[in-house]
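Structure, as structure tokens:
Keep in mind the model is a prediction, meaning the values are calculated, not measured.
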Amino acid sequence: MSKGYFEQIHPILPVRDMIVSLQFYVEKLGFEIAFAAAEKSPKYTGIRKDNVEIHLQYHSSEEWKHMSASSLRFVIQDIEGLFDFYKTRGVFHDKTSLKKTPWKTQEFAFYDPDRNGLTFYKDL
């Protein structure tokens with residue numbers, strides 16, 4: 001009896017302003033739009049980069065009062081190259097740095113416009 005096979009995961013990140021979020025992910029992080037639920041003012045959109053797909057879901061300011069941001073960890077092959085690329089894109093906060101961790105990774109992290117945490121790493 002098959003117990004199923006996990007093929008992919010498409011995490012959903014909450015966003016307050018879809019246009020601002022799409023500009024951030026597409027123009028700054030290099031994602032492309034995979035789909036949008038509507039041409040004008042989409043409330044649900046998928047973005048893709050390489051083998052990763054993330055879904056963004058709009059929430060009103062009233063809904064946002066009851067929500068919390070999420071965190072994602074991306075496994076990256078060329079962590080130094082990605083760090084150097086993002087360093088020029090204006091996405092880092094003051095303490096963003098590429099560091100080796102006690103859990104044997106090399107990683108860096110920052111937040112998107114809605115305070116969703118984005119960590120990029122490779123195993124050492």
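A distance of 11.5 Å separates CG in L82 from NZ in K87, rounded to the nearest 0.5 Å. From L118, atom CG reaches atom CG of L29 across 7.0 Å, with rounding to the nearest 0.5 Å. Distance OG1/T45 to CG/L56: 6.5 Å, rounded to 0.5 Å. Rounding to the nearest 0.5 Å places OH of Y25 at 11.0 Å from CE of M18. Once rounded to the nearest 0.5 Å, the distance linking OH of Y58 with OG of S41 reads 9.5 Å. The OG atom of S60 sits 9.0 Å away from the NZ atom of K43 when rounded to the nearest 0.5 Å.
Screening residues 18-32 for salt bridge (charged side-chain N to carboxylate O under 4.0 Å, His left out) gives no qualifying pairs among residues at least two apart or on separate chains. Residue pairs satisfying the salt bridge (charged side-chain N to carboxylate O under 4.0 Å, His left out) criterion with at least one member in residues 54-64, sequence neighbours excluded, are listed as follows: E62-K65. Every pair passing salt bridge (charged side-chain N to carboxylate O under 4.0 Å, His left out) that includes a residue from residues 109-121 is listed here, sequence neighbours excluded: R16-D114.
Remark: K100 pairs with no residue by the side chain to side chain donor-acceptor pair (under 3.5 Å) rule, at least two apart or across chains. The side chain to side chain contact (heavy atoms under 4.5 Å, CB included) check on D50 picks up nothing, with sequence neighbours excluded. The ring pair (Phe, Tyr, Trp, His ring centres under 6.0 Å) check on F24 picks up nothing, with sequence neighbours excluded. With sequence neighbours excluded, no residue forms a side chain to side chain donor-acceptor pair (under 3.5 Å) with S68. Taking A109 as the reference, T119 meet the side chain to side chain contact (heavy atoms under 4.5 Å, CB included) condition, with sequence neighbours excluded. With sequence neighbours excluded, no residue forms a ring pair (Phe, Tyr, Trp, His ring centres under 6.0 Å) with Y111. In this structure H55 satisfies the side chain to side chain donor-acceptor pair (under 3.5 Å) test together with Y44, E53, sequence neighbours excluded.
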With side-chain contact (heavy atoms from CB on, under 4.5 Å) as the test, would you mind laying out the steps for Q106 and L98 before giving the verdict? CA-CA 7 Å; Q106 187 175 22; L98 182 60; 3.7 Å; yes

Set out, in order, the CA-CA distance, both residues' side-chain angles and the distance that settles ring-ring contact (aromatic ring centres under 6.0 Å, His included) for F108 and F92, then state yes or no. CA-CA 9 Å; F108 65 95; F92 289 168; 5.7 Å; yes

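Residues V26 and I33 have side chains in contact (heavy-atom distance under 4.5 Å, counting atoms from C-beta outward). Here the side chains of P14 and Q57 are not in contact, with every heavy-atom distance at 4.5 Å or above.
Among all heavy-atom pairs drawn from R48 and A34, the shortest one is NH2-CB, 3.5 Å. Nearest heavy atoms, A36 versus P42: CB-CB, 4.1 Å.
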Donor-acceptor contacts, no H, no angles, side chain residues 71-80, under 3.5 Å, sequence neighbours left out:
unit_1	atom_1	unit_2	atom_2	d
R73	NH2	E107	OE1	3.1
D78	OD1	G81	N	2.9

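F83 and F120 have their aromatic ring centers separated by at least 6.0 angstrom.
For the pair N116 (side chain) and S70 (backbone), a donor-acceptor distance under 3.5 Å is present.
Apart from I19 itself, the hydrophobic cluster it occupies contains nothing, where clustering links Ile, Leu, Val, Met, Phe, Trp and Tyr at side-chain heavy-atom distances under 4.5 Å.
The hydrophobic cluster containing Y121 does not contain F110, counting ILVMFWY residues as joined when their side-chain heavy atoms lie under 4.5 angstrom apart, directly or transitively.
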